[in-house]
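Naming convention: chains lettered A, B, ... in sequence-line order (proteins, then strands); numbering from 1 in each chain.
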Amino acid sequence: MALRSDPLEVIFDRFLTSRAIFKNRDVLRHDFVPSRLPHREEELSRVAEILAPVLTGTRGSNVLVYGKTGTGKTASVKYVLARLAEKCGSVGSSFKGIYVNCRLAGTEYRVLSKICSMHAVQLPFTGLATAELSNRLIESMKSHGSYSIVVLDEVDALVKGFGDRLLYELTRINELLGAASLTLMGISNDLSFKEYLDPRVLSSLSEEEVVFKPYTAPELRDILAERAKEGFAEGVVSPGAIDLCAALGAAEHGDARRALDLLRVAGEIAERAERKTVDEECVRIAWKKIEEDRLYQVVKSLPLHSRLVLLGTIQTTSKSGKVTSGECYTSYNALCQHAGIEPLTHRRVSTLVNELEEAGILICKIMSQGRYGRTKRISLSAPLSVIEKALSTDSLLQNLI
DNA sequence: CTTCCACCGGAAGTACCGGTAA
DNA sequence: TTACCGGTACTTCCGGTGGAAG
């Protein structure tokens with residue numbers, strides 16, 4: 001016999017009501033590849049046309065795929081690869097589809113080693129020269145005569161960090177392969193990264209180009225409505241909520257990823273608040289929550305010195321409202337002394353401040369005060385309470401606050 | 001017009017770490 | 001074991017630079 005105040009009973013009841021909100025939560029995740037990609041028909045056909053030669057065992061063109069974040073590039077490419085593999089199976093040909101996210105892989109070496117591992121080339125985690133990896137890859141591909149499509153997602157991150165050496169190697173690889181061949185597909189959300197490429201690499205890599213345009217608000221609404229139909233129970237989501245998600249996503253350069261996350265979190269908020277419907281208010285709360293969660297996580301996982309710099313900034317802003325980089329450094333230095341930590345140099349702290357700005361925690365503006373020098377005016381760009389909460393999770397910093 | 005402040009930020013170098021190959 | 005290799009975190013050095021003061 002369960003009492004009404006029994007905590008487990010409350011949780012179970014809540015779960016039962018939550019089922020009334022969600023039907024299939026996973027559909028609302030941005031990395032879910034749906035069985036249909038609305039408003040990407042044109043892009044899908046373009047990619048499919050370019051890759052289709054694999055069906056007859058000939059090499060397709062190398063491709064560059066452009067588009068801002070959340071325009072469906074990754075999902076579309078993965079979708080086409082999956083369909084292609086299916087078709088290959090039914091006509092009796094085969095290929096290796098290799099997907100690497102360059103930003104997640106992090107370095108040239110790890111990108112190459114991932115490609116190698118997909119070709120069953122045994123490799124140590126580190127320790128080899130990059131050129132040695134290419135050689136082993138070429139040897140393996142030659143001997144197996146395999147056909148590959150290598151997708152380099154976020155290839156701009158690779159190029160910006162390490163130049164185009166690896167891309168050059170990969171575009172050149174076909175000349176060295178006998179029966180085997182390799183099609184390269186670069187995905188980038190930054191159109192300007194081409195400038196970093198050697199013209200020869202560029203012309204080889206961009207034999208074809210596919211551009212993914214940002215979704216418009218109505219298109220986003222269609223996508224969201226479709227996913228909502230699959231993901232939420234019937235009639236739970238108000239049309240206004242979907243419109244708001246679409247509008248906020250469209251404002252963020254037509255970002256379907258953000259819009260979907262927003263809708264899912266709004267659903268979770270409705271669930272936890274034991275509401276019957278997901279309305280605009282839930283979306284607004286979700287928007288705020290996503291921002292704050294992101295900030296909290298970022299601040300919490302900051303390295304020690306970055307957190308000290310941030311704390312120094314907070315402490316001086318609370319006194320005078322605005323901080324110059326000099327004051328920030330002084331304050332940081334004092335904190336280090338207090339905690340018995342060897343402080344970093346001006347130069348280093350300057351880059352840390354820039355990193356904090358890039359992470360959206362600080363706002364910096366270079367101010368020139370004539371005779372009184374030139375400095376950065378630093379201020380907080382995020383709610384102080386969230387930052388302080390995140391900083392105070394560390395016992396060392398807690399003593400300094 | 002020149003000076004000069006108080007810092008910016010690129011380039012290159014150093015130290016160290018975790019790993020492999022021979 | 002020694003000699004490398006790649007990566008990260010940091011320092012050292014130094015040539016800028018916008019604009020008020022002189």
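- Distance, A:Leu304 CG to C:dT8 P: 19 Å, rounded to whole Å.
- Note that NZ of A:Lys68 is 9.5 Å distant from CG of A:Asn189, once rounded to the nearest 0.5 Å.
- A:Arg348 contributes no side-chain N or O that forms a donor-acceptor pair with the base of C:dT11 under 3.5 Å.
- Taking for each of A:Gly370 and A:His346 the nucleotide of DNA chain B with the nearest heavy atom, the 5'-most of the two is the partner of A:Gly370.
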A:Tyr66 and A:Phe212: CA distance, side-chain angles, deciding distance, ring-ring contact (aromatic ring centres under 6.0 Å, His included) verdict: CA-CA 6 Å; A:Tyr66 289 120; A:Phe212 281 61; over 10 Å; no

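- For the pair A:Arg284 and A:Glu280, the minimum side-chain heavy-atom distance is below 4.5 Å.
- The base of B:dG9 sits within donor-acceptor range of the side chain of A:Arg347, with an N or O pair under 3.5 Å.
- The A:Thr324 side chain lies nearest to B:dC7 when the options are C:dG19, B:dC7, C:dT11.
- A side chain to side chain donor-acceptor pair (under 3.5 Å) with A:Thr69 holds for exactly one of A:Glu252, A:Glu154, A:His253; it is A:His253.
- Rounded to whole Å, the distance from CG on A:Leu344 to P on C:dT12 is 11 Å.
- Both A:Arg374 and A:Arg371 lie near DNA chain C, and the one whose nearest nucleotide falls closer to the 5' end is A:Arg374.
- Note: CZ (A:Arg110) to C1' (C:dG7) measures 8 Å, nearest angstrom.
- The nearest whole Å value for the distance from the CD atom in A:Gln369 to the P atom in C:dA21 is 11 Å.
- Closest to the side chain of A:Thr345, from the set B:dC8, C:dA21, C:dT12, is C:dT12.
- Straight-line distance from the CD atom of A:Glu342 to the C1' atom of B:dA15: 15 Å, rounded to whole Å.
- Separating the CD atom of A:Glu357 from the C1' atom of B:dG9 is a distance of 14 Å, rounded to the nearest angstrom.
- If you measure from atom CG of A:Leu352 to atom C1' of B:dC8, you get 15 Å, rounded to the nearest angstrom.
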